Amino acid sequence: MARYIFITGGVVSSLGKGIASAALGALLQARGYRVRLRKLDPYLNVDPGTMSPTQHGEVFVTDDGAETDLDLGHYERFTGRSANKQDNITTGRIYQGIIAKERRGDYLGGTVQVIPHVTDAIKEFVLDGNEDYDFVLCEIGGTVGDIEALPFFEAIRQLGNDLPRGGAIYVHLTLMPYIPTAGELKTKPTQHSVRELRAIGIAPDILLVRADRPIPKEERRKLSLFCNVRETAVIQALDVATIYDVPIAYHHEGLDTEVLAAFGIDPAPKPQLHRWHQVVDAIRNPEGEVTIAIVGKYTGLKDAYKSLIEALQHGGIANRTRVRLDWIEAEVFEQEDPAPYLERVNGILVPGGFGERGSEGKIHAARFARERQVPYFGICFGMQMAVIEAARSLAGIDKASSTEFGATEEPIVGLMTEWLKGNELEKRAAEGDLGGTMRLGSYKASLKDGSRIAEIYGDTEIVERHRHRYEVNRAYRERLEAAGMSFAGMSPDGLLPETVELPDHPWFIGVQYHPELKSRPFEPHPLFTSFIEAAVKRSRLV
Ligand code: GLN
């Protein structure tokens, strides 16, 4: 039977609970256990799909088409296990189910309440589908003390009693701030946070304490005493240079040993961390460096591009190259010449995006890359803008645009209202709901034999994850191909352009899907490996 590890956070948000959970999962996996990671999010949105990337960060899309929290990306990258729809739940989705049941009359006249109905629904979710796992790690979003998270805390408290003895433990992630005037790391915020947890009936088994410097023994003893946690279970979590160092660092601090001890499991033999050491070594000791410009519109919040940043780093690992990122707000190119910004970079990447703002700037970036032979990688919106650019500059379609920006005479990119998923026809109304209605999740694509992209994948049949409402309009295919842009990848039914490339450019590829979502440190995505390789070549020229 699966054992449960509940991970909560205290003191402040942004302590890296997602990475801490993923790292613990990776350590247990490195000991041969089968691990599943899940995220419980207390907000009222049904999923993060409709939330602004500048507020909530990237929306991570799973193979089965769920729009989920970006922490699921960390889980996938750290454990290699593909997440699914059932690995992330929000208060909104829990309530959606309960209210639908209430309307159907399923509660038979009963009063529907947070306890037991909401907490039961949460518990049911947490316990469901775990037969194949040794450990299920459930991360609770938010910080202890948040009103909206209370039903989740109550549910995991109850689970502590519902499950057999030794079936669940609680790990609490906190912060010890350093106060320069006192020259000390302070324990009080952690004490308060644990007191808050204990007031709602949860006694943490393990404290994972973030600090910017080593925690003196005396302070650890103090935390152990005041928080009622064994001294060995106070684990210091110091800042590290790369997130891929976190599993190794936590292992050194004894986290995995302590977790197993809390379940009464013998911690021998040691975990196999060889591949983690290899990845960290490649990051720490690069043989060269390239600079990639990312021309986007959410550049103020790097979390909006979490998987992209990681995938570029994976491409760097594969080439033993440090990848420096140069973030550029696309709108800048609507006022200024891109040359001074882009002349010295070794590659240009236009990532996914929504809406008209910044689109002309991205088109300028694509033009610069095409004309100056700089490697160009267009992802989703970045492909759409590259096609519009080619239509205008190469095929002479001056008014080329996307219907995403309003009615247009030349809809090079247009809204799709019908498409095939396998054998099933998916339909959307133009004025329908925004939430959950994009082309989402894994779709197959067929790549033209002999194309650059087929060569990169080493295959002509691929499966990649999508998240978009608009598609390049195949009605323009012939004109664009005659002008030099090849539609190398198409959906299996031949209706939807999936990839484009410029055969007589050193590296110019656009993809309608999001390859960054499937890249992992141990298996860098071939497109990112190849793009960074092209950037390395370019760096030798400029
Ligand atoms: N806004 C575009 C669309 O919906 C691109 C989306 C994206 O880049 N993920 O088609």
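Just so you know, ligand 1 is whichever comes first in the structure, and atom 1 is the first atom listed for that ligand. All values reported here derive from a predicted model rather than from experimental measurement.
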Open item on the list: Would Cys380 count as being in polar contact with ligand 1, using the rule that some N or O on each side must be under 3.5 angstrom apart?
Closed with: no
Task: Shortest protein heavy-atom distance from atom 10 (O) of ligand 1, along with the residue and atom involved - done: Tyr470 N, 2.8 Å
Task: Element-labelled atoms of ligand 1 that are located less than 4.0 Å from some non-hydrogen atom of Phe354 - done: 1 (N), 4 (O), 6 (C), 7 (C), 9 (N)
Open item on the list: Assess whether a salt bridge exists between Glu471 and Arg439, defined as any Lys/Arg side-chain N lying under 4.0 Å from an Asp/Glu carboxylate O.
Closed with: yes
- [ ] Please determine, by modelled atom types, if Asn88 and Asp41 share a side-chain donor-acceptor pair under 3.5 angstrom.
- [x] yes
Open item on the list: Between Glu343 and Arg372 (salt bridge meaning N to carboxylate O under 4.0 Å), is one present in this structure?
Closed with: yes
- [ ] Could you tell me if any non-hydrogen atom of Met438 lies under 4.0 Å from any atom of ligand 1?
- [x] no
Task: Given His514, His466, His468, the one that forms ring-ring contact (aromatic ring centres under 6.0 Å, His included) with Tyr443 - done: His466
Task: Numbered atoms of ligand 1 (with element) below 4.0 Å of Arg469, judged on heavy atoms - done: 3 (C), 4 (O), 10 (O)
- [ ] Just need the protein heavy atom nearest to atom 2 (C) of ligand 1, so name the residue and atom and give the distance.
- [x] Glu404 OE1, 3.3 Å
Task: SB check Arg34 Asp132 (cutoff 4.0 Å) - done: no
TODO: Check ligand 1 against His514 and write out every atom of the ligand that is under 4.0 Å from a heavy-atom position of the residue.
DONE: 9 (N)
Task: Any N or O of His468 closer than 3.5 Å to N or O of ligand 1 - done: no
TODO: Look at ligand 1 and say whether Glu471 reaches it with a heavy atom at a distance under 4.0 Å.
DONE: no
Open item on the list: Strictly below 4.0 Å, N to O, side chains only: are Arg520 and Glu76 in salt-bridge contact?
Closed with: yes
TODO: Would you confirm whether Asn346, through its side chain, and Val290, through its main-chain N or O, come within 3.5 Å as a donor-acceptor pair?
DONE: no
TODO: Using a strict 4.0 Å threshold on nitrogen-to-oxygen distance, state whether Arg357 and Glu331 make a salt bridge.
DONE: yes
- [ ] Answer yes or no: does an N/O atom from Gln512 fall short of 3.5 Å to an N/O atom of ligand 1?
- [x] no
Open item on the list: Is there a polar contact between ligand 1 and Gly355, counting only N or O atoms under 3.5 Å apart?
Closed with: no
Task: Closest candidate by heavy atom, reference atom 5 (C) of ligand 1, pool Gly352, Gly353, Pro53, Gly414 - done: Gly353
TODO: Find all atoms of ligand 1 within a distance of less than 4.0 Å from any non-hydrogen atom belonging to Arg467, and give their numbers and elements.
DONE: 6 (C), 7 (C), 9 (N)
Task: Glu360 and Arg392 ion-paired at < 4.0 Å - done: yes
